[in-house]
Amino acid sequence: MVNVQGICRVFKVPKKTNGFSATVKSLFQPEYHQREALRNVTFRMEEGETVGFIGPNGAGKSTLIKIMAGILAPTAGDITILGKNPLKYRKEIAAHIGVVFGQKTQLWWDLPLMDSIGLLKHVYRIPAEVFNTRVKELSELLEVGDFMNTPVRQLSLGQRMRGDIFAALLHNPAIMFLDEPTIGLDIIAKGRIRELLQQIQREKKVTVVLTTHDMADVERLCNRVLIIDKGSLLYDGDLSQILDSLGKTRRLVIDFKSRPYLPSLDFVNVVFQDGLRYGIEFQKDCISASDIIALLMKENEVLDVRIEEPDIEGVIKDIYLGKQLLPESRVSS
Ligand SMILES: Nc1ncnc2c1ncn2[C@@H]1O[C@H](COP(=O)(O)OP(=O)(O)OP(=O)(O)O)[C@@H](O)[C@H]1O
């Protein structure tokens, strides 16, 4: 479905100048420096996969998506989408791609949603019969019936997003690029969009590339992540594997009946205390939660125990900051 081999992309950026004469000179003789946005990126995607592209601002995610969509040429490397070079066969590939930008709608702002969908019918040259079936099917799936005739500018962000997903799926694309599909939504609308995307994954064989800064999107929707930083692919693999190997600490939250006696244990630390509630962090590879609980219960009366899993946001943040080394990744060179 997607085959990216050693993709590099360098941008030529004008050098900044200081002072009046240097600024005037740069107007006539501009000097440039090279900005490496992508460095030897290689990966493949199979049909039906949902892959999350994550990385800090400026990592190179949008550049990679633009290259995959045939909007931008790579400086070096090879890429095929559905077996074809997306730049050379741009129009043909566009017919198989659906795009949703969380920050920018592809719908006509002043037109009712249905009119935008009607225009896209002509853009994608969808036969009337196929179009009618698709509209019926997608209206049911995305529950847009109530606002199909409302101008897009009057829709809530969540409704607009459902409209955008509708538009992206109208021509039955093989690949969907979702760029921050839940950005700015409230917690209920985020959940609804994630549910819908999960349903689309189940019911349609569409291959999805998801770019997001929201780790909950990745956790719910992707079983594979590509971590990109400073233009390089740092990791290509399961999200759960990152958590298993990097989230080495676990936290127990314990409510005691009275002030507890806490024996000193290796690899175990009290990280907070709130009345008779204690937060205890431990190295999961060195000691088990059940051993700690058994030891504490010998000496104390325990009312409640909860174990907290590592927080994905925290683990990924530490990777970006270089505090965490990634597990043995499956990045091909
Ligand atoms: N047209 C351009 N001209 C010059 N530099 C560019 C251009 N587009 C991107 N860059 C640079 O390439 C690098 C990667 O940018 P890109 O937009 O791909 O990052 P990103 O991972 O999508 O970031 P974000 O999460 O903020 O959207 C950045 O340093 C950016 O400034």
Side-chain angles (χ1 to χ4, degrees), residues 2 4-17 23 26-27 30-43 45 50-79 81 86-87 90 97-106 157 161 164 168 175-185 190 193 208-222 224-237 239 242 312-322 324 326 329 331:
V2 175
V4 173
Q5 294 294 323
I7 288 288
C8 301
R9 172 71 211 204
V10 177
F11 288 107
K12 206 169 129 188
V13 189
K15 272 191 183 164
K16 271 195 185 151
T17 48
T23 307
S26 75
L27 288 174
E31 284 183 38
Y32 295 93
H33 68 88
Q34 311 257 315
R35 183 174 294 157
E36 215 177 358
L38 289 174
R39 251 179 240 181
N40 195 23
V41 173
T42 295
F43 65 93
M45 278 176 68
T50 298
V51 177
F53 284 13
I54 59 174
N57 292 126
K61 306 176 296 290
S62 304
T63 306
L64 184 53
I65 297 228
K66 284 178 193 161
I67 290 173
M68 289 169 79
I71 300 169
L72 200 68
T75 315
D78 291 314
I79 173 162
I81 304 285
L87 201 65
R90 191 166 158 186
I97 288 178
V99 184
V100 175
F101 289 109
Q103 314 231 46
K104 203 170 164 214
T105 183
Q106 65 156 315
L157 191 54
M161 204 62 79
D164 263 297
I175 303 180
M176 252 178 117
F177 293 114
L178 300 172
D179 186 13
E180 300 273 1
T182 63
I183 196 163
L185 298 179
K190 268 184 199 250
I193 294 293
V208 178
V209 174
L210 169 74
T211 344
T212 184
H213 290 285
D214 188 328
M215 284 307 133
D217 284 351
V218 182
E219 275 183 292
R220 302 280 146 71
L221 300 168
C222 311
R224 180 175 161 205
V225 289
L226 261 58
I227 302 182
I228 302 165
D229 193 14
K230 297 186 190 85
S232 299
L233 191 54
L234 290 189
Y235 178 80
D236 175 358
L239 189 63
I242 301 180
I312 180 72
E313 294 268 354
V315 171
I316 297 291
K317 191 180 91 202
D318 285 350
I319 293 171
Y320 293 170
L321 293 174
Q324 290 265 31
L326 282 158
S329 67
V331 175

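Start at 1 and go down the list; that is how both ligands and their atoms are numbered. Below, each value reflects all heavy atoms present in this structure, side chains not excepted, and no hydrogens, waters or symmetry copies. Only a predicted model underlies this, so the values are computations on that prediction, with no experimental measurement involved.
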Would you name the heavy atoms of [X] and [Y] that are closest together and state the gap between them?
X    : Y    : answer
T212 : D214 : OG1-N, 2.9 Å
G231 : V41  : O-CG2, 3.5 Å
L239 : V225 : CD1-CG1, 4.0 Å

(request) Only counting residues at least two apart or in another chain, list the ones meeting side chain to side chain contact (heavy atoms under 4.5 Å, CB included) with T75. (result) R9, V10
(message) Test of understanding: with side chain to side chain contact (heavy atoms under 4.5 Å, CB included), list the residues that count as partners of Q106, not counting sequence neighbours.
(response) L120, D164, A167, A168
If you have a sec, work out which protein heavy atom is nearest [atom] and how many Å separate them, to one decimal?
atom                    : answer
atom 31 (O) of ligand 1 : R35 NH1, 3.1 Å
atom 25 (O) of ligand 1 : K61 NZ, 2.7 Å
atom 18 (O) of ligand 1 : T63 OG1, 2.6 Å
atom 27 (O) of ligand 1 : S62 OG, 3.7 Å
atom 26 (O) of ligand 1 : N57 ND2, 2.8 Å
atom 1 (N) of ligand 1  : F11 CE2, 3.6 Å
atom 12 (O) of ligand 1 : A37 CB, 3.4 Å

Below 3.5 Å, N or O to N or O, backbone or side chain included: is there any such pair between [X] and ligand 1?
X   : result
A59 : yes
G60 : yes
G58 : yes

(request) Start with the C-alpha distance between L72 and F11, add both sets of side-chain angles, then the distance that settles side chain to side chain contact (heavy atoms under 4.5 Å, CB included), and finish with yes or no. (result) CA-CA 11 Å; L72 200 68; F11 288 107; 3.9 Å; yes
(message) Has K230 got a side-chain atom pairing as donor or acceptor with G60's backbone, closer than 3.5 angstrom?
(response) no
(message) Check whether T50 reaches the backbone of C222 with its side chain - one donor and one acceptor, N or O, closer than 3.5 Å.
(response) no
(message) If the contact criterion is a heavy-atom separation under 4.0 Å, does K12 count as touching ligand 1?
(response) no
